[in-house]
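Notes follow the structure.
In what follows, every heavy atom counts, from backbone to side chain, and hydrogens, waters and symmetry copies are set aside. Every chain is numbered from 1 and lettered A, B, ... according to where its sequence line falls, protein lines coming before strand lines.
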Amino acid sequence: MSLDAAIETFYIEAHEHLEAMENILLQIEEAEPSPELLNDIFRSAHTIKGSAGIFALEHIVNFTHVVENILDKARDNNIVFDNDLLNVLFLCQDHIKTLVNTSLDDFQQNPELQAQSQELITKLAPWTDTNTSELPTEQTSEQDETSQSIQESSNDNNCWHISLRLSEDCLRNGMDPLSFIKFLETLGEIKHIETITENFPNAEDFDSETLYFAYEIALQSNADLEAIENTFMFVKDDSDITILPPDAKIDDYLALIDSLPEENQQLGDILVKCGSLTRHSLEQALNEQQQTNQDISSNNAPSSKLGEVLSQNNLVPEKVIAAALTKQKQTQTNANAGKQIRIDSNRLDHLINLIGELVINQQRIDLLAGKTKSSPLIEAVDDFEDFTEQIRDAALKLRMIPIGATFQRFKRLVRDTAQELNKNIELTITGSETELDRVMVEKLADPLTHIVRNAMDHGLESIEERAATNKTTKGQLTLSAYHDAGHVVISISDDGKGINKDKVLEKAIAKGIVASDGKLSDQELFHLIFHPGFSTAQQITNLSGRGVGMDVVKRNVEALQGNIEIQSNQGLGTQFIIRLPLTLAIIDGFHVESHHTHFIIPQATIIECIDLTSHQDIDSKHCINLRGEMIPYLNISEIFNLKPTKTISNGQQADKKIRTELVIVQFGNDIAGIAVEKLNGEIQTVVKPLGPIFHSLKGIGGSSLLGNGEIAFILDVPQLIELAIKRDGQNNMSKNY
Amino acid sequence: MTQDNEQGLTEHSKEVIRQFLTFTIADEHFGMELHQTREIIEYAGITQVPLMPQFLCGVINLRGEVVPVIDLSVRLGREPITIHKRTCVIVVELHSFEQHCILGLLADSVNEVIELPASDIEDAPAFGAKIRSEFILGIAKSAEDFIVLLDAEKTLSPIELAHLVEAELEQNDAQ
C-alpha cells in the first residue's frame with residue numbers, strides 16, 4: 001500500500017468514525033448511554049487517534065487522546081454522562097473533524113486552531129481531573145472475551161513485550177519506525193527499547209532506504225492487545241511482530257526467542273536488558289529447552305521447532321490459544337465487512353453508461369429482428385430484452401442509496417440550531433430506507449439544509465409563542481421520504497406558524513416582484529419565497545433571512561429534474577414537498593414525433609393520450625375541456641418553432657390533414673397537455689445530457705438515442721407544464737382587459 | 001548510442017514545432033492545433049435542436065455520444081456553410097475549465113496536417129482579418145495562400161456559446 005493510498009484510507013475511515021461518534025452522541029442525548037454505545041464511541045476515538053499516530057499527525061493524536069481518555073472513563077463508569085459533557089463532546093467531535101481536515105503544517109501555522117484545541121481541552125478538564133487513580137484491573141470493557149481474559153488475569157506487572165521485525169521496505173513504503181514507537185508512547189510508557197543492529201551492513205552496501213534495525217520493546221501499558229496490535233496495522237502484513245502480554249509465560253518468550261532469526265543467547269540477553277525476563281528465568285528456560293530437545297531426539301522424533309514441540313505436548317500456554325482466537329474473531333469481522341465494498345464512482349458510472357449502450361443496441365436488434373419476420377429470432381430477441389432489462393435494473397440499483405444517511409445528518413443540525421435559537425424542536429424521520437440515485441442524494445444535501453434551517457428559523461415559533469397559541473412547547477419537524485408513482489417524494493414539514501400570505505404579497509409588491517394588482521394563486525404566492533433576493537424575515541439571524549438560499553434551493557431541485565411544492569396553513573405549519581425522478585440515467589419514456597423531430601416524454605408523467613382533433617378548443621385558446629376539466633395544452637411544434645420538413649412541403653402531403661394527438665401529463669398536482677403529431681410508443685431510453693451549451697433551453701431536459709441511431713429530445717415535463725399554465729394565465733388576463 | 005545523442009542534440013537546437021490540421025470553408029483556409037482535434041467524419045445528416053441560433057447546426061450521434069455541431073462560418077461572422085456531398089465534420093475535443101467538451105465543426109474539406117516552427121507563425125493582423133482578433137492564434141503562409149490559425153479554446157468556448165444560446169432564446173421569448 002503506498003503512503004498516499006494509506007492516508008486516503010485514513011481520511012475516509014476517520015470521517016466514518018466521526019460520523020459514528022456523532023450518531024452515538026445523539027443517541028446518548030436521547031436515551032441513557034448504554035455500555036455498547038460508550039464502548040463504540042471510545043473505539044471510534046481510539047481508532048482515529050491510532051491511525052493518526054501512524055502518520056505522525058500529532059495535532060490529531062494529542063487532542064483525540066484527551067477525548068479518548070474521557071470516553072474511556074465514561075466507559076468505566078468513572079464519570080457521568082451529563083448534558084454539559086455531551087455539549088463539550090459535540091464540540092470536540094467537530095474539532096477533531098476540523099483537525100482531520102487540516103494538515104499538520106497548517107495546524108502549526110494556525111494559532112487560532114491551536115487555541116481552539118487548548119480551549120476544548122480546558123473545557124474537558126473537569127472530567128479529566130476526576131478519578132485519575134483508577135486501576136487498570138477495574139476496566140469493565142465490553143471487548144471480546146479473549147482480550148478480556150488477558151485483562152482479567154493481568155497482575156500488577158502490566159509490562160508488555162513487543163518484538164518488532166519490520167520489513168526491509170518499511171521506509172520505502174513511507175513508514176517510519178519512529179512513528180510507531182512514538183505512538184506506543186501514547187498507549188503507555190516505554191520502559192526499555194533495545195535496537196538490534198546486527199543486520200547493519202558495511203558502509204559500501206548501505207542503502208539509505210532500507211531498514212536494517214529491529215527492536216525489542218518493553219512497554220508498560222494498560223492498553224489491550226488489540227490496541228497495541230493496531231499500532232502496527234499498516235505494516236503487519238510484511239513484518240514479523242510478536243506481542244507478548246504482561247503475564248506471558250516463560251515459554252512464550254522461549255518461543256519468541258526461537259522464532260527470531262538472531263542468536264538465541266544474544267536475544268535472551270536483550271530480553272533481559274529489556275527487563276522482560278530475569279536472567280535466572282532465562283537460564284532456566286534455555287536449559288529446559290535443551291532438555292526438551294534431548295527428550296525429543298531420544299524419542300527419535302524428527303527434530304522440530306520449539307513452537308511445534310510445545311503445541312504437540314499440550315504445553316502451549318492458554319495465552320497463545322487466546323491470541324489465536326482473537327485473530328480468528330478478527331478475520332470473522334473482516335469477512336462481515338467484506339459484504340460492503342467501496343467502488344470508485346467513476347467506474348460505476350462507466351458501467352451504467354455501457355449498460356445504457358446495451359439497452360440502445362438491444363432496441364436496434366429488436367427493430368431489425370422485427371423486420372425479418374422470423375419468429376424464432378424475434379423470440380430470442382425478446383428473451384434478450386428480458387435480460388437486458390434485468391441487467392439494467394440491477395445496475396441502476398448499484399447507484400441507489402437510502403436517503404437515511406442524509407436525514408441522519410440533520411439530527412445534529414436541528415439539535416445545534418434549536419439550542420442556538422433557544423427553541424424546543426423535535427425532529428422525526430420517516431422513510432429512511434427510501435432509495436434514490438446517489439448523485440441526487442449528494443445534490444440534495446444543500447437544498448434540504450436550507451429548507452430545514454428556514455423551517456426552524458421562520459417556521460417554528462419560540463417556546464413562549466407556542467405556549468401563547470396553545471401549542472405544545474415542543475415544535476415538530478418531520479423529514480420523510482417515500483416513493484410515489486415513479487418519483488421519490490421528500491417532504492419537510494413543521495407545525496409552526498405557517499407562511500403569512502399577506503406579508504409575502506406585501507413584500508413582493510414592495511420589491512417590485514409582482515404588480516400591486518396582480519392576482520396570485522396560493523402556489524404562486526408561496527413560490528415567491530424562492531424568488532432571488534426575497535426574504536420576509538423581519539430580523540436577520542445568522543442562520544437564514546439574508547434572502548439567499550431559497551432561490552438556490554429551487555434551482556438545485558430543478559437541476560435534478562424535480563420540483564418543489566409548498567403547502568402552508570397559517571398558524572398550523574408549512575410543508576415543502578420535493579418530487580424527484582427515481583434515477584437520472586435511464587428512463588422509461590414515450591416516443592412521440594412532430595415535424596420529424598423526435599421527442600421522449602417520461603412515462604411516469606403521462607396520464608393518457610387523446611385525439612386532439614376530436615376536441616374543441618375553449619374560446620379558441622390552447623385549452624380543452626376534458627371530461628369537465630379545463631386542461632391547458634402546448635403544441636410542441638409551436639413552442640419549439642418546428643418547421644415542416646421538405647418531404648411534407650412537396651405538395652401532396654401538405655394538404656393531408658395532420659392528426660394531432662394530445663398527451664396528458666401530470667407533475668405534482670398540475671396537469672397539462674402536450675400536442676404532438678405522432679405517437680410512436682413506449683421506449684426504454686438512456687438519458688444523454690445535452691451539455692452546458694444548451695443549458696438555457698427550456699422544455700428539453702436531455703437527449704437520447706433511438707434504436708435506429710437517431711437523436712430524440714427528452715421533454716422536461718415540469719417546465720412544459722409550467723409554461724402551459726403560464727400561457728393559459730396570460731390568456732385569461734388578456735381576456736379580462 | 002551516438003545516433004540517439006545526435007538526434008537529441010538536433011532536437012534541442014531546433015525550435016518547438018507545432019502541428020496544425022488545415023481545412024477549408026468557402027475558399028478560406030483555417031488551421032487548428034492537431035492535438036485539439038479528435039477525428040474527421042463524413043457529414044451524414046444532423047438533428048436540429050429547436051430554437052437554436054444559426055451557428056449551432058444541431059447534434060449528431062457520434063458512436064453513442066450526442067455531440068453539438070457548430071457552423072464555424074457563422075460563428076466567424078460569415079455566410080452559413082452550404083452542405084454538399086463532401087462536407088465533413090471535424091470533431092474537436094477541448095479541455096477548458098476542468099471539464100472536457102466535444103464539438104463538431106462543419107468544413108468543406110480537410111486538407112492536411114502542417115508542421116510549423118513557432119517562427120513561421122505570424123501574429124494576427126490588428127485589422128483586415130474580418131475575424132475577431134482574439135479568435136486568431138496566428139497566421140501562417142502556405143505556398144499560395146494564408147492560413148488563419150484559430151484559437152479553438154476561444155472560438156469554441158462552451159461558456160461563450162452557452163451565452164449566445166441564452167441570448168437567442170431570450171430574444172425569442174421577447175417576440
message = What part of A:Leu697 gets within 4.5 angstrom of chain B, counting heavy atoms only: side chain, backbone, both, or neither?
response =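 For A:Leu697, heavy atoms of backbone and side chain both lie under 4.5 Å from chain B.
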
Side chain, backbone, both or neither of A:Ile700 within contact of chain B (heavy atoms, under 4.5 Å) = side chain

In terms of heavy-atom contacts, does [atom1] of [X] have more than 12 from other residues, nucleotides or ligands at under 6.0 Å?
X	atom1	result
A:Arg364	CZ	no
A:Gln390	CD	yes
B:His35	NE2	yes
A:His695	NE2	no

What closest approach, in Å, do [X] and [Y] show between heavy atoms, and which atom pair accounts for it?
X	Y	value
B:Pro158	A:Ile693	O-CG1, 4.1 Å
A:Ser703	B:Val66	OG-CG2, 3.4 Å
A:Ser696	B:Ala162	OG-O, 4.2 Å

ask   = Can you say whether B:Ile102 sits under 4.5 Å from chain A via the side chain, the backbone, both, or neither, judging by heavy atoms?
value =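 Nothing of B:Ile102, per the 4.5 Å heavy-atom cut-off to chain A.
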
task = Measure the spacing between NZ of A:Lys688 and CG of B:Asn61 and express it to the nearest 0.5 Å.
result =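 Those atoms lie 8.0 Å apart.
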
Can you list, pair by pair, the side-chain donor-acceptor contacts under 3.5 Å of residues 705-725 of chain A, counting residues two or more places apart and other chains?
residue: A:Asn708; atom: OD1; partner: A:Glu710; partner atom: N; Å: 3.0
residue: A:Glu710; atom: OE1; partner: A:His598; partner atom: NE2; Å: 3.2
residue: A:Asp716; atom: OD1; partner: A:Gln719; partner atom: N; Å: 3.4
residue: A:Gln719; atom: OE1; partner: A:Gly699; partner atom: N; Å: 2.7

Can you list, pair by pair, the side-chain donor-acceptor contacts under 3.5 Å of residues 37-58 of chain B, counting residues two or more places apart and other chains?
residue: B:Thr37; atom: OG1; partner: B:Leu34; partner atom: O; Å: 2.7
residue: B:Glu39; atom: OE1; partner: B:Arg63; partner atom: NH1; Å: 3.2
residue: B:Glu39; atom: OE2; partner: B:Arg63; partner atom: NH2; Å: 2.9

query = Taking every heavy-atom pair that is under 4.5 Å apart, which of B:Glu166, B:Glu168, B:His163, B:Glu65 has the most such pairs with chain A?
reply =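 So the answer, after comparing B:Glu166, B:Glu168, B:His163, B:Glu65, is B:Glu166.
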
